[in-house]
Each structure stands twice: as structure tokens, then as C-alpha cells.
2 protein chains.
Amino acid sequence: MAPKLDRYFQQVDDLSDHFIERLRKAVAIPSISSEAPRRPDVIRMGHWLADELTNLGAQAELRALGKQHGTDLDLPPVVLARYGNDKSKRTILVYGHYDVQPAEKEDGWETEPFELTVKDDGRMLGRGSTDDKGPVLGWLNAIEAHKKAGIEFPVNLLMCFEGMEEYGSDGLDDLINAEAKKYFADADAVCISDNYWLGTEKPCLTYGLRGCNYYSVEVSGPGADLHSGVFGGTAQEPMTDLVRILGSLVDTDGKIQIPGIAEQVAPVTAEEDGLYDAISFTMETLHESLGSKTTIFEDKKPTLMARWRYPSLSIHGVEGAFSAPGAKTVIPAKVIGKFSIRTVPDMEIEKTNECVYKYVEEVFKKLGSKNTMKVYAQHCGNWWKSSPKHWNFVAAAKATERVWGVQPDYTREGGSIPVTLTFEQATGKNVLLLPMGSSTDGAHSINEKLDKRNYIEGTKLLGAYLHYVAEEPQN
Amino acid sequence: MAPKLDRYFQQVDDLSDHFIERLRKAVAIPSISSEAPRRPDVIRMGHWLADELTNLGAQAELRALGKQHGTDLDLPPVVLARYGNDKSKRTILVYGHYDVQPAEKEDGWETEPFELTVKDDGRMLGRGSTDDKGPVLGWLNAIEAHKKAGIEFPVNLLMCFEGMEEYGSDGLDDLINAEAKKYFADADAVCISDNYWLGTEKPCLTYGLRGCNYYSVEVSGPGADLHSGVFGGTAQEPMTDLVRILGSLVDTDGKIQIPGIAEQVAPVTAEEDGLYDAISFTMETLHESLGSKTTIFEDKKPTLMARWRYPSLSIHGVEGAFSAPGAKTVIPAKVIGKFSIRTVPDMEIEKTNECVYKYVEEVFKKLGSKNTMKVYAQHCGNWWKSSPKHWNFVAAAKATERVWGVQPDYTREGGSIPVTLTFEQATGKNVLLLPMGSSTDGAHSINEKLDKRNYIEGTKLLGAYLHYVAEEPQN
């Protein structure tokens with residue numbers, strides 16, 4: 001039986017100005033986790049969030065995580081909170097983050113980044129509006145609307161909101177693993193609202209992420225940087241070797257040249273093959289995001305497959321070489337190329353590393369160089385793929401149809417949200433990614449925004465999801 | 001008839017402590033031309049030098065060069081001076097520079113860089129000691145020793161000492177061209193003491209320099225930097241194209257892959273072929289300079305030929321890509337590769353540029369990329385090769401044999417000293433490079449030094465050269 005949600009929805013609409021004020025207060029705290037001088041603001045944001053939760057009747061606590069790795073700087077606390085403790089109800093664990101990317105008006109913002117500005121077209125501009133303060137407050141708004149409407153909250157809600165997501169989530173994995181069988185023990189499923197619709201009109205549920213193996217390839221020879229006039233032609237140059245190695249990794253059309261990578265990729269099933277055509281996505285939107293038409297494919301289906309279910313290799317840059325504007329006649333003594341491979345099912349981290357090391361060593365050997373080469377992984381994070389047929393997803397799909405009037409797209413993301421896999425592995429429960437914002441929100445860019453419609457309907461969606469989750473039979 | 005020089009030599013020896021004090025005063029002025037806050041020190045150094053010259057009886061003047069290109073900063077003045085104005089004598093124009101490279105104790109200096117420290121082994125450590133304050137003061141010392149010994153100065157000496165050599169010699173070419181038929185009109189030959197012996201024991205005369213064509217190759221596609229998770233596999237990446245282009249330019253053994261370059265190089269004559277074996281140079285010294293044994297050749301002759309008379313291609317770095325330590329998952333939107341070709345006789349700048357442009361465009365075309373590629377020369381300076389049989393060189397060789405007791409090596413340099421070509425072209429006169437310091441002086445490094453022996457015998461050499469120049473018949 002479909003849950004009765006009209007009164008809840010009406011209450012959310014009635015409180016919409018109040019919810020926007022809540023977002024305004026949150027955006028006003030410049031909780032930039034990557035900038036040390038802003039650390040007190042990040043900590044203040046954590047306290048503000050815990051106070052809001054307490055005022056709403058949740059049991060909130062601030063968990064200290066010690067010092068930031070390699071510094072004397074206190075990490076911002078993780079806000080852990082529980083709302084409801086009824087053993088007869090399901091318990092849902094939700095995650096979000098209250099820190100934000102850096103922002104300054106001078107970067108090109110049309111408004112003050114830390115003053116929420118609501119435009120006539122419904123865009124609410126402000127740093128953190130969509131990433132991830134809006135979604136985090138969505139959960140608080142859902143609690144408040146239930147209270148004010150006098151509707152019983154359908155589940156027990158466990159909340160985990162961190163303050164270091166934009167700077168590596170220092171300390172979070174340890175906390176999740178430590179609390180998996182303690183604070184998070186009752187969780188029946190996990191929901192994370194920290195990604196985006198594929199486009200601007202159609203909601204989606206996200207069930208997959210690519211992983212990322214990040215590599216350094218280091219070539220060194222001379223004891224110090226050399227003058228290219230004096231030594232050019234007499235010394236073997238590390239940079240010459242490095243560009244030849246980097247040039248051997250991938251071609252212009254994205255085809256990875258390393259044997260043993262493509263072989264690991266799960267074959268496309270007939271079922272999967274049929275999914276792409278229905279997805280709401282156009283090449284025009286991609287061209288807009290890219291700011292160019294320099295795509296590898298001309299059509300939607302191979303483009304989505306390339307983003308979601310095939311590996312890719314990107315060359316990010318070179319450390320140790322000349323990188324400033326102008327001209328410098330240096331022979332760099334030691335150069336480190338950086339590249340990464342986005343990984344997909346059924347690739348294995350170690351097997352992929354072995355293929356990369358073997359290939360790069362062979363390419364270097366063929367150069368016949370006297371220089372020294374080292375190739376190694378800087379960090380590796382696995383891909384994640386969930387089952388969209390789990391009751392957690394089914395509930396979210398029903399809630400989406402109820403709020404937005406359409407069946408959601410089932411999407412995967414090309415990037416990684418490492419905490420997703422951490423929660424899945426630590427709790428052993430299904431994890432759902434339930435985005436609030438849309439593809440044009442510009443999470444890490446200037447003029448970050450959350451549309452008022454996405455914020456208010458999104459708040460309805462989070463609450464509705466909890467009602468459907470409460471009713472959905474185990475599967 | 002060999003000039004009588006014993007009294008002059010004796011006087012130089014008698015004044016050696018005084019000359020070292022003069023160098024100490026010069027080193028104490030931190031005339032770093034590349035650092036704007038040090039500009040007053042550079043200007044002070046120019047005034048100090050002009051005052052010293054005036055005190056020695058020279059007519060010195062300070063020539064303002066206006067503002068530094070693109071800034072509001074006054075350029076340091078060029079010190080122009082004349083010592084002697086006897087129409088019956090030859091007139092020699094000498095060039096040097098009074099500015100220095102940056103230096104701080106913290107860079108790893110064993111002494112304070114701007115306090116001349118004379119070690120027991122004769123090393124005189126200090127920024128600018130060998131590059132180029134020692135050689136510049138060598139001319140002043142020669143004047144003073146002649147005066148104090150009561151010996152008639154053998155030539156008229158024209159001096160041109162600049163204060164921007166370490167930062168691009170802003171404004172100097174214009175001044176040289178403007179004064180070629182005015183202040184410098186009487187010059188019969190030019191002598192520059194601003195390079196180094198090939199090793200540490202044997203003096204040399206330098207008659208050739210390589211030129212340098214410096215290129216940028218720019219690949220762009222997306223409108224802004226992209227996230228490699230979201231766009232990896234769907235967008236053609238400029239960095240992928242760039243490393244493939246850079247990887248096609250030269251191989252590990254320095255062989256330039258661009259057609260039409262090797263074809264321009266002057267063939268080795270039988271006479272030239274016989275010159276290399278006698279040159280005082282060992283692979284061990286090269287290994288020491290390199291700090292490694294990663295040389296292209298195992299033997300002296302091909303190594304010297306590669307440095308002096310063959311072109312080389314070095315890849316300096318990439319602008320616009322990720323260049324910091326650590327990991328960043330960026331797809332750079334626009335990357336600019338920097339490389340340069342050291343040019344030699346009989347290569348032509350324009351012809352070389354054409355070959356580079358054509359080749360890079362062909363390589364890029366083969367990639368089949370939708371990205372945009374531009375290749376262009378940032379700056380080009382020609383090679384220089386003088387005639388070591390000119391009387392200017394013959395006089396210097398005789399003076400060297402007189403002071404050092406050995407015939408000098410005739411060397412070329414792999415790098416460029418652009419002012420050499422400017423003087424040759426502006427005055428139409430023979431230019432000689434007559435180094436004072438040795439290969440281990442570390443001109444741009446920490447612990448820059450000039451050996452006391454090289455400073456004092458070098459002062460004798462400069463004076464002796466002027467005596468031989470006065471006697472040498474026209475050839």
C-alpha cells in the first residue's frame with residue numbers, strides 16, 4: 001500500500017522559505033577543508049550542524065578524529081546522530097559532508113560565494129549549496145517537516161556527516177570501520193546523497209562507480225638539472241624517455257595500449273546492452289559540459305558506456321620539469337609523469353598494477369636508456385557496483401516516481417566516491433546513491449548552485465524514500 | 001718582438017691582495033638582476049663600477065636604458081667607459097656584466113654568498129666571483145697595474161658592462177646597435193671574458209657557440225580543465241596528443257627525428273676532424289659535471305662534437321598540466337610543451353623552423369585528433385663561429401702561452417652568449433671569447449667560486465693580451 005505522503009509534501013512546501021534560510025546559514029560558514037586558516041570555520045560548521053540536529057530532537061555527537069595527517073591541525077569532527085530508536089522500524093544510515101571546496105569572488109563568481117543568492121529563475125548560488133550542504137540539510141528538513149506535520153517518522157535514521165570530504169576524508173575510513181558493528185550496527189541499508197543527475201530534467205538512482213589506480217612513472221639520470229646548451233646532445237635526457245613512455249600508454253581515441261587491461265573488463269550482457277537507449281542523456285549536454293565538441297564518440301550509447309563501464313587512461317602532468325609560462329633552457333634531472341586508470345568490473349587492482357608495471361618496464365627497456373626508471377601506484381581505489389534490484393533501490397525508485405512523476409534513470413558514474421565502497425564493505429549492507437542536484441550545478445566550479453526546485457522536491461524525495469523503505473519487503 | 005711584460009706581471013702579483021679586496025667589495029653588493037627588490041643593489045653596483053673606473057682615470061658614463069619590459073622598474077644602467085684615446089693605438093672593446101644570479105645561504109652554500117671567502121686551497125667563494133665580476137675587475141686590475149708600474153697602456157680600451165645579463169639583457173642589443181658607429185666606432189676587435197675553460201687545468205680560447213630555437217607546441221580542446229572520472233574515456237585529451245608529439249621529436253640517444261635538420265649541418269672537414277684528440281677534456285670530468293654516467297657517447301671525440309658542432313633537441317617541460325607533487329585527477333584543457341633545438345653551422349633559423357612546423361603538423365595530423373594544435377617559435381638566436389686565425393685570436397694565444405706556459409685549446413661552447421653575435425654583427429669586427437674561470441666554478445650554482453690563481457693569472461692574461469694585440473700584424 002502506497003504510503004500517505006500528501007500532508008508531508010504540503011508541510012515541506014509550507015516550510016520551504018524556512019529551509020532556504022537554513023541553507024543560507026550553512027552556506028554562510030566558509031567551511032573550506034583544504035585551507036588551514038579556514039579550519040576553525042569547518043569545525044564551527046560541524047558544531048552548527050550538531051546543534052541543529054539536537055534542536056530537531058536527534059541525539060547528536062561530535063567525534064574527534066585527531067590531527068590531520070602530517071600536520072598539527074585538528075581534523076574537523078564527524079557529526080554522528082541518531083533520530084529514532086524503535087526496534088520495530090528499519091534503520092537507515094545516511095552520509096553527507098559539511099565541508100566545501102575553496103571559493104573567492106575573484107575567481108569569477110557572479111555573486112558572493114558565501115552568501116546564498118536566490119535568483120528569479122530558482123537558481124540558489126553559493127559554495128556548498130549542492131555539494132553537499134543542500135543534500136545534508138535535506139535530511140534535517142525531512143525530520144522537521146514530519147515533526148511539524150505530526151507524522152510519525154517511518155524509520156530510525158542514523159547520520160554520518162564528515163568535514164574533510166573535499167580533502168581526502170582523512171580519518172573517516174577508520175571511524176566507519178570501527179563503528180560498523182557499534183554505532184552503525186542497526187543499519188539495514190545506506191543512502192548517500194552526494195552526486196548528481198545525469199542531465200537537468202530527469203532524476204536518477206546511481207548504482208555504480210569506477211575505481212581509480214593512480215600511477216607515477218619516474219625517470220632520473222643527472223645529479224641535478226642541467227643547462228641544455230652545455231649538455232644537450234651529450235647526456236641522455238630523462239624527459240625524452242618520459243614523454244616516450246607516456247606517449248605509449250593510450251591513443252587519441254582513448255584506447256589503452258597496455259595489454260591485459262581490456263581483457264579484465266566484464267562483457268556487455270544483452271540486458272545491459274538494452275539499458276542505454278532509454279537513458280536521458282544527449283551529446284549536446286556533453287558538449288556543453290566539455291565546452292567543446294572534442295568527444296571520442298559521436299553517439300550517446302558508446303559515450304555512456306565509455307564513462308560507466310569501460311576503463312579510461314588519463315595523463316595528468318609531469319612533476320620536476322619546467323611548467324611555468326615563458327622559456328627555460330633546462331634539462332630536468334628527474335621527472336615524474338602522472339597518469340591514472342579508471343577501473344570497472346571485473347578489473348582487479350593488483351592485476352591491473354602488474355599489467356601497467358610490466359608494460360612500462362618493457363617500453364622503457366626498448367628505449368635502451370641509461371637513465372633510471374621507476375613506476376609505482378600512488379593510490380588505488382576499487383570500482384563499486386550495487387544491485388539496483390535491492391529493496392533499497394526499489395523504494396527509492398517508487399519515491400522518485402511519486403515525487404517527480406517519472407521513473408528514474410539507473411545510472412553509473414565515471415568518477416569515484418570512495419566512501420560508498422567503505423560503507424558497503426564495513427556494514428555489509430546495500431548502498432544507494434540518491435542525488436538531489438542536477439548536472440549543471442557546478443559542484444567544484446564558480447557559481448555553484450542548487451535549484452530551489454531540486455532542494456524542495458529533493459527534501460520531499462528523501463522523506464518519501466524513507467516511507468517506501470519502511471514498507472518495502474525484504475528481497 | 002715579444003712585449004716586455006715582467007714588470008707588469010710583478011706589479012699584478014704585488015697588488016694581488018688589493019685586487020682580491022676589490023673583488024670582495026664587488027661581491028658584497030648583491031646585484032641580482034632577476035629579483036625586483038634587489039634592483040637598487042644592481043644600480044648601486046653600476047655606480048660603484050663607474051666610480052672605480054673614474055678613479056683609475058677612465059672616462060666612465062652611465063647609460064640609462066629606460067624601464068624593464070612590461071614593468072615600471074628602471075633597468076640598471078650600462079657602464080660605458082674609455083681608457084686612452086691615442087689614434088696611433090689599436091682600440092679594443094671589452095664586454096662584461098656586473099649583475100649576478102640569485103643566491104641565499106639556505107640554498108646550501110657553505111659560506112655567505114655575498115661575503116667573498118678565500119679558502120686555503122685558493123678557492124674564492126662568492127656569488128658573482130667568476131660570473132662575471134672577477135673577469136670584469138680583471139680589466140680594471142690590468143689598468144691599475146699598468147699605472148702603478150708606470151707602463152704605458154698598449155691600446156685604447158672601450159668598455160661595455162651591463163647589469164641585466166642574467167635576466168635577458170633587456171635593452172642591450174638596441175644600445176649596441178645604436179653605438180656601433182658612435183661610442184664603439186673606433187673598435188678594432190672585441191673581447192668578451194664571460195665563459196669558462198673546458199676543464200680545470202688548461203686555458204682555452206673560444207671561437208664558436210651554438211644557437212637556440214625555442215618552441216612551444218600547444219594542444220587544446222575542452223573549454224576548461226575536466227575531471228578525469230567524469231570525462232575520461234569520452235573526451236579526446238590534449239595531454240595524450242601532446243606527449244605523442246613530444247615523444248616523436250628525439251630519441252634517447254639524442255637523434256633528432258625531424259627531417260631536414262641533420263641535412264643542414266656543415267660536414268666535418270679533415271682539418272676539423274683532427275682537432276678533437278688534442279683537446280684537454282676527459283669523460284671523467286663530464287661524469288663529474290653530470291653527477292652521473294648517463295652520457296650518450298662513451299668517448300671524448302663524439303661527445304665534444306655533439307656539444308659543439310651538432311644540433312641537439314631538449315624537451316624542457318609542459319605548461320598547463322598538473323606539475324605539483326602528489327596526485328590530481330585532472331584532464332588539462334590546454335597544455336603547452338616546450339622544447340628547443342641547439343643550432344650549429346650551417347643551419348638557418350627560418351629553414352629549421354619550417355622543418356619543425358611541418359613535422360609536428362604531420363605527426364599531429366596522423367593522430368586524427370579533434371583537438372587544436374599550434375606550434376611556434378618563442379625565440380630564436382643564431383649560432384656563432386669566429387675565425388681562430390684572426391690576429392685577435394693569435395694575440396690571445398700568444399698571451400696565454402706567455403702567462404700559462406701552454407698553448408690554449410681552441411674550443412666551442414654548446415650554449416649561447418647572444419651578445420657575442422650582436423657585437424660581431426653591429427661592429428663588423430672579430431670577437432674573441434677569452435675565459436678567466438674554470439669548468440668547476442659553478443657559475444649559476446651554490447658555492448660559486450673563482451680560483452685565486454685564475455683571478456691573478458687571468459688579470460695578467462688580460463693585460464698581456466692587450467700588449468700582443470697591439471703588436472700583432474693585421475691578417
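Every heavy atom of this structure was used, including side-chain atoms; hydrogens, water molecules and symmetry mates were not.
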Hey, is [atom1] on [X] packed in by over 12 heavy atoms from elsewhere, all under 6.0 Å?
X: F297(B); atom1: CZ; value: yes
X: K385(B); atom1: NZ; value: no
X: Y276(A); atom1: OH; value: yes
X: K293(A); atom1: NZ; value: no
X: E288(A); atom1: CD; value: no

Under a 4.5 Å heavy-atom cutoff, which of G414(A), P222(A), S228(A) has the most pairs with chain B? S228(A)
Heaviest contributor of heavy-atom pairs below 4.5 Å to chain B, chosen from K255(A), H227(A), M305(A), K328(A), is K328(A)
Using non-hydrogen atoms and a 4.5 Å limit, figure out which bit of [X] sits close to chain A: side chain, backbone, both or neither.
X: L226(B); answer: side chain
X: D225(B); answer: neither
X: Y310(B); answer: neither
X: P332(B); answer: side chain
X: A235(B); answer: both
X: H287(B); answer: neither
X: Q378(B); answer: side chain
X: S340(B); answer: side chain
X: A327(B); answer: both

D253(B), D251(B), T294(B) screened by side-chain hydrogen bond (donor to acceptor under 3.5 Å, both in side chains) with Q236(A), the one that passes: D253(B)
Please report the interatomic distance OG(S323(A)) to CD1(I336(B)), rounded to the nearest 0.5 Å. 11.5 Å
NZ-CE distance between K338(A) and M239(B), expressed to the nearest 0.5 angstrom: 11.0 Å
Using a 4.5 angstrom heavy-atom cutoff, name the option from [options] with the most pairs to chain A.
options: G337(B), P238(B), G326(B), S445(B); value: G326(B)
options: T303(B), V335(B), V330(B); value: V330(B)
options: L313(B), D241(B), T252(B), V243(B); value: T252(B)
options: S416(B), S292(B), A333(B); value: S292(B)
options: G291(B), P311(B), S248(B); value: G291(B)
options: T234(B), T240(B), V230(B); value: T234(B)

Would you find a donor on one side and an acceptor on the other, under 3.5 Å apart, between the side chain of [X] and the backbone of [Y]?
X: H316(A); Y: T329(B); answer: no
X: R244(A); Y: V250(B); answer: yes
X: K370(B); Y: T295(A); answer: yes
X: R307(A); Y: G233(B); answer: no

Side chain to side chain, F231(A) and S314(B), heavy atoms closer than 4.5 Å: no
Would you please name every residue forming a salt bridge (Lys or Arg N to Asp or Glu O under 4.0 Å) with K334(B), sequence neighbours left out? E218(B)
